Undergrad: 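Take a look at the following structure, please.
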Number of protein chains: 2
Amino acid sequence: MAVSTNKRTRIQGINRGIILDAALEVFSAYGFRGSTIDQIAAKAGMSKPNLLYYFPRKEDIYVTVLEKTLEDWLTPFRDIDPDGDPVEELRKYTILKMKMSAAQPASSQLFANEILHGAPAIQEFLKTNLKQLVDEKAAVIKAWIADGRLAPVDPHHLIFMIWATTQHYADFDVQVQAILPEESRQPEFFDSAADAVLTILLNGIKPR
Amino acid sequence: MAVSTNKRTRIQGINRGIILDAALEVFSAYGFRGSTIDQIAAKAGMSKPNLLYYFPRKEDIYVTVLEKTLEDWLTPFRDIDPDGDPVEELRKYTILKMKMSAAQPASSQLFANEILHGAPAIQEFLKTNLKQLVDEKAAVIKAWIADGRLAPVDPHHLIFMIWATTQHYADFDVQVQAILPEESRQPEFFDSAADAVLTILLNGIKPR
DNA sequence: CAAAAACTTGACTGATTGGTCAAAATGTAG
DNA sequence: CTACATTTTGACCAATCAGTCAAGTTTTTG
């Protein structure tokens, strides 16, 4: 992490990156209201006024982290290939999302928290950019169905289902870990989770 | 709502109920840290000191609402009948959860928020009561699979999948509404959502 | 290497908010 | 109707926290 973000100078690039990394951890754990600038500053290893030198308001940090995160999570969705094999494309996408849930639960949690509380910072984005992208991919799925290469299911709800299921493992991790039998709670646990999810999902949408 | 809760006196019963209803609305919308006692008191139509007369600490209100909510959501899960038809039992359960997501999104959101932030107030409950209940139902599903009445899938992950998918419609409502085509955003929208979810899910788990 | 620009921070401020308290108002039992 | 218990509230307090400011320190530039 710690990717330099819009570096005007060398130091700016480094420090903005450090701050955003710290902010992701803090905001995802405690939510916007539950996080303090002091916490983020401490985690970033700098004083509060120094942090405010880079991001004048708490909200600026939050929105910046959120937007960066959103882009990350949308990339694999964009990459769904209309010319690929339907089942294979959806398997690939689902596995990728499961892997992201395992590797970066914090960013999924940050996003979940934002939506859960009414998406005050990104409602516009959802209604415009995201909606357009989803409509696009829904059309692709519709075409696959028309060609008889996928069972007839509502594309939007199929997309929701993949999102819900995969992100569940990041967002509800505490619950998953509390419930799963001890022997399943290994590092490779995500593989078997992906297996189970894919079995049900793919059998559910294969053409009949 | 406004069910009298452990009424010592008539007034206590009424007012505790009113407070808990108000608290559910406020906490689910803003989270624990994001909600203020003043907000809850205002929504309950009483002064802050009066509210604190019934629940001495903010956390007391929160925990009480959370526990009440949890019980509500677990009841239909408990009711899954080992002697019923597997596919029919899971269909019934899924539809019920979809309906609850539509009718009481606030309580689902309250719970989601708690888990999302590490379940500080109910971790013990998850590890003991909930785990035991889930293990029980997982055993039922396992038996169904052994009898060839259900496709072989990991029971725990199947349960997670149903939870994730159904609660998604309550917890991510803002996103769902932002993305769904306008013509699908009718009151009956939940029926078509349930349809789509059930189609995929049930086809995914029917014995092959 | 000197001057300017960029960066850093201790000390502070005002607003918010969880919780207290003592006095008043209301309800209830005999 | 009276005495007692319960309920209600305005005024207040202490802690927390976002954001400011002025005075420093470090880095860059010519």
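The structure displayed is predicted, hence computed values, not measured ones. The chains referred to below are lettered A, B, ... by the order of the sequence lines, with proteins before strands, and numbering in each begins at 1.
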Undergrad: Can you check whether B:Ile80's main-chain N or O pairs, donor with acceptor, with B:Glu89's side chain at less than 3.5 Å?
TA: no

Undergrad: Would you indicate what A:Thr36 reaches in the nucleic acid, counting non-hydrogen atoms under 4.0 angstrom: base, sugar-phosphate, or nothing?
TA: sugar-phosphate

Undergrad: Would you kindly give the NZ-to-P distance between B:Lys48 and C:dA22, to the nearest whole Å?
TA: 17 Å

Undergrad: Between atom CD1 in A:Ile19 and atom C1' in C:dT8, what is the gap in whole Å?
TA: 12 Å

Undergrad: Hey, does the side chain of B:Arg10 come within less than 4.0 Å of C:dG27's phosphate (OP1/OP2), counting only N and O?
TA: no

Undergrad: So, the side chain of A:Trp144 versus the backbone of A:Ala151: is there a donor-acceptor pair under 3.5 Å, distance only?
TA: no

Undergrad: If you only use heavy atoms from C-beta on, which nucleotide in D:dA11, D:dG19, D:dT7 is closest to the side chain of B:Pro49?
TA: D:dA11

Undergrad: Report yes if at least one side-chain N or O of A:Asn15 is closer than 4.0 Å to OP1 or OP2 of C:dT8; otherwise report no.
TA: yes

Undergrad: Quick check for you: among D:dG19, C:dC21, C:dG19, whose closest atom lies nearest to any side-chain atom of B:Leu52?
TA: C:dG19

Undergrad: Return yes if a side-chain donor-acceptor contact under 3.5 Å exists between A:Asp135 and A:His156, otherwise no.
TA: yes

Undergrad: Which is true for B:Phe55 with a 4.0 Å heavy-atom rule: it touches a base, it touches only sugar-phosphate, or it touches nothing?
TA: nothing

Undergrad: For the side chain of B:Asn50, starting at C-beta, report the closest nucleotide among D:dT27, C:dT20, D:dT8.
TA: D:dT8

Undergrad: Kindly say if A:Gln12 contacts the phosphate of C:dA6, meaning a side-chain N or O under 4.0 Å from OP1 or OP2.
TA: no

Undergrad: For the side chain of B:Glu114 and the backbone of B:Ala121, is there at least one donor-acceptor N/O pair under 3.5 Å apart?
TA: yes

Undergrad: In whole angstrom, give the distance that lies between atom CE of B:Met46 and atom C1' of D:dT9.
TA: 12 Å

Undergrad: Check whether A:His117 reaches the backbone of A:Asn113 with its side chain - one donor and one acceptor, N or O, closer than 3.5 Å.
TA: yes

Undergrad: Specify the separation, in whole Å, of atom CG of A:Asp38 and atom P of C:dA11.
TA: 15 Å

Undergrad: Is it the case that the side chain of B:Ser28 and the backbone of B:Glu25 share a donor-acceptor pair, with hydrogens and angles ignored and the cut-off at 3.5 Å?
TA: yes

Undergrad: Does C:dC7 have its OP1 or OP2 closer than 4.0 Å to a side-chain nitrogen or oxygen of A:Tyr53?
TA: yes

Undergrad: For the residue pair B:Phe77 and B:Trp163, is the inter-centroid distance of their aromatic rings smaller than 6.0 Å?
TA: yes

Undergrad: Would you say A:Arg33 places a side-chain N or O within less than 4.0 Å of OP1 or OP2 belonging to C:dT17?
TA: yes

Undergrad: Return the stems involving DNA chain C, sorted by first number, where pairs are Watson-Crick (N1-N3 with N6-O4 or O6-N4) or G-U wobble (N1-O2 and O6-N3), both under 3.5 Å, and runs are 3 or more long.
TA: C:1-30 with D:1-30

Undergrad: Rounded to the nearest angstrom, tell me the gap between atom OH in B:Tyr30 and atom C1' in C:dT16.
TA: 16 Å

Undergrad: Does NZ or CZ of B:Arg33 lie under 6.0 Å from the centre of the six-membered ring of A:Tyr30, at an angle within 45° of the ring axis?
TA: no

Undergrad: Would you mind reading off the distance between B:Ile18 atom CD1 and D:dT8 atom P, rounded to a whole angstrom?
TA: 9 Å

Undergrad: Whole angstroms only, please: what is the CG-P distance between B:Asp60 and C:dG19?
TA: 8 Å

Undergrad: Select one nucleotide: of D:dT7, C:dT9, D:dA18, the one nearest the side-chain heavy atoms of A:Lys58.
TA: D:dA18

Undergrad: For A:Arg57 and D:dT20, is the shortest distance between a side-chain N/O and OP1 or OP2 below 4.0 Å?
TA: yes

Undergrad: When all nucleic acid strands are considered with a 4.0 Å heavy-atom cut-off, which category describes B:Ile37: base, sugar-phosphate, or nothing?
TA: sugar-phosphate

